[in-house]
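We're numbering straight along the sequence, starting at 1. In listed order, ligands and their atoms are each counted from 1.
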Amino acid sequence: MSSSNSPASLEVARLGIVGAGGRMGQQLLAAILDNPATQLAAACDRPGTDVIGKDAGELVARGASGILISDDTKAVFEASDVVIDFTHFTAAPGHLAMSLETKTNLFLATTGLPAETQALVEEAAKEIGIIQAANTSLGVNLLALLVEQAAKSLDASFDIEVVEMHHKHKVDAPSGTALLLGKAAAAGREQNHDEVACYERSGHTGARPDGEIGYATLRGGDVAGEHTVFLAGDQERIELTHRATSRTIFSAGAVKGARWLVGKEPGLYSMRDVLGL
Ligand code: NAD
């Protein structure tokens, strides 16, 4: 974060993108270039990927932007008020280290972080501002609130199951969003999520234990993301569903969150903070 990063100089947020060539990376390039309140500060991807050296604007049919996609991650952090990360869980430790070194706030939207990486996120948030969001859309964050409320209102005889479907390229399961929704249900019931979560059923499983929160994962095609939380009781069933029909909802939410994060004090923030939910 450069020394000109004072609140007065932040009307136009200088945003950096790591993983610029990815599905979400390209959505973000377009969203930033289309938004007069944001400036694309720099963009990078892994060495050897075919987007290196390309103009970021031309890559997403916005015309020449003058920003070439590099493989220099540190240069992206140095040039940006906030860096947005939709990459791969293995990249998160390096990006956290870079954020700490350059004192640059980080929007971390990558999912599937192992516990040891999650601990690094919490440690880094003592020194930099981090938004961590398993889902950046307004709709899913609102759905999480509804799920929490429903779980709180219904008695424990209602069984809670979370079903999700994503495109076939997704590398983690269940999705970060499914976990976000399951955790919202557990919070509503005042349960410890990790003690009641059930991720697999196969063979002679026995009857479903009361209080369990079950997950089921579907993968296929180009599905941007669909989630349903079932609350199944005797003779009635509630289904709370969100369907993403385009990834633009995620890039719009991430850009909104990144603008919010500019100049924020160290801390671990969520989309609920950004959206005021
Ligand atoms: P993708 O595979 O299309 O893109 C990933 C990008 O990251 C690629 O450009 C790739 O080259 C780069 N990358 C991979 N490994 C890297 C590494 N070690 N270092 C640096 N860069 C690396 O994936 P995607 O569909 O864009 O999703 C990316 C991530 O974002 C996933 O974790 C996904 O679950 C998550 N996601 C989050 C949300 C949300 O709302 N929070 C929405 C969609 C996707």
Quiz item: Under 3.5 Å, is there a donor-acceptor pair between the side chain of T110 and the main chain of T87?
Solution: yes
Quiz item: How far is atom 28 (C) of ligand 1 from its nearest protein heavy atom, and which residue and atom name does that atom have?
Solution: T87 O, 3.2 Å
Quiz item: Looking at ligand 1, does any of its N/O atoms fall within less than 3.5 Å of an N/O of T49?
Solution: no
Exercise. If the plane angle is over 60° it's perpendicular, under 30° parallel, otherwise tilted; pick one for W260 and Y269.
Key: perpendicular
Quiz item: Is any side-chain heavy atom of Q132 less than 4.5 Å from a side-chain heavy atom of L268?
Solution: yes
Quiz item: Mind checking whether H166 and R219 have side chains closer than 4.5 Å, heavy atoms only?
Solution: yes
Exercise. Could you establish whether A134 and ligand 1 come within less than 4.0 Å of each other, counting only heavy atoms on the residue side?
Key: yes
Exercise. Enumerate the atoms of ligand 1 whose separation from the nearest heavy atom of G21 is less than 4.0 angstrom.
Key: 9 (O)
Exercise. Indicate yes or no: does an N/O atom of S137 lie under 3.5 Å from an N/O atom of ligand 1?
Key: no
Quiz prompt | Nearest neighbour in protein (non-hydrogen) for atom 35 (C) of ligand 1 | solution = A109 O, 3.7 Å
Exercise. List the closest protein heavy-atom neighbour of atom 15 (N) of ligand 1: residue, atom name, distance to the nearest 0.1 Å.
Key: H88 CB, 3.3 Å
Quiz item: Which heavy atom in V262 sits nearest to a heavy atom in A13, and how many Å separate them?
Solution: CG2-CB, 3.8 Å
Quiz item: Hey, is ligand 1 close enough to T111 that some N/O pair sits below 3.5 Å?
Solution: yes
Self-check item: Under 3.5 Å: N/O of A20 near N/O of ligand 1
Solution: no
Quiz item: Considering only protein heavy atoms, which is closest to atom 26 (O) of ligand 1, and at what distance to one decimal place?
Solution: M24 N, 2.9 Å
Quiz item: Any donor and acceptor pair, going by atom type alone, linking the side chain of Q191 with main-chain N or O of G211 inside 3.5 Å?
Solution: yes
Quiz prompt | E127 vs K103 side-chain heavy atoms within contact, under 4.5 Å | solution = yes
Quiz prompt | Side-chain touch H95/F77, heavy atoms, less than 4.5 angstrom | solution = yes
Self-check item: Non-hydrogen side-chain atoms of V255 and L28 separated by less than 4.5 Å
Solution: yes
Practice problem: Please determine if G25 has a nitrogen or oxygen closer than 3.5 Å to a nitrogen or oxygen of ligand 1. | Solution: no
Self-check item: Geometric N/O contact R46 with ligand 1, under 3.5 angstrom
Solution: yes
Practice problem: Give the residue, atom name and distance (to 0.1 Å) of the protein heavy atom nearest atom 18 (N) of ligand 1. | Solution: A91 CB, 3.6 Å
Quiz item: Hey, are the side chains of T177 and T111 touching, using non-hydrogen atoms and a 4.5 Å cut-off?
Solution: no
Exercise. Show which atoms of ligand 1 fall inside a sub-4.0 Å distance from at least one heavy-atom site of A133.
Key: 41 (N)
Self-check item: Subset of ligand 1 atoms that lie under 4.0 Å from at least one heavy atom of T110
Solution: 32 (O)
Quiz prompt | Polar contact flag for D45 and ligand 1 (N/O pairs, less than 3.5 Å) | solution = yes
Quiz prompt | D55 side chain to S65 backbone, donor-acceptor under 3.5 Å | solution = yes
Quiz item: Can you tell me which residue and heavy atom of the protein come closest to atom 40 (O) of ligand 1, and the distance to 0.1 Å?
Solution: T136 N, 2.9 Å
Practice problem: Could you say whether the N/O atoms of H167 and ligand 1 ever approach to under 3.5 Å? | Solution: no
Exercise. If you have a sec, work out which protein heavy atom is nearest atom 4 (O) of ligand 1 and how many Å separate them, to one decimal?
Key: G22 CA, 3.3 Å
Quiz item: Quick one: does T228's side chain have a donor or acceptor within less than 3.5 Å of a partner on V163's backbone?
Solution: no
Quiz item: Does a side-chain heavy-atom distance below 4.5 Å link N135 with L143?
Solution: no
Quiz item: Considering only heavy atoms of T90, which atoms of ligand 1 have at least one such atom less than 4.0 Å away?
Solution: 18 (N)
Exercise. Could you pull out, from F250, F89, F107, F86, the option with a heavy atom nearest to atom 30 (O) of ligand 1?
Key: F86
Self-check item: D45 side chain vs G21 backbone, donor-acceptor pair below 3.5 Å
Solution: yes
Quiz item: Which of the atoms of ligand 1 are close to K170, meaning less than 4.0 Å from one of its heavy atoms?
Solution: 34 (O)
Exercise. Run down the list Q26, H169, R23 and name the one with the heavy atom closest to atom 25 (O) of ligand 1.
Key: R23
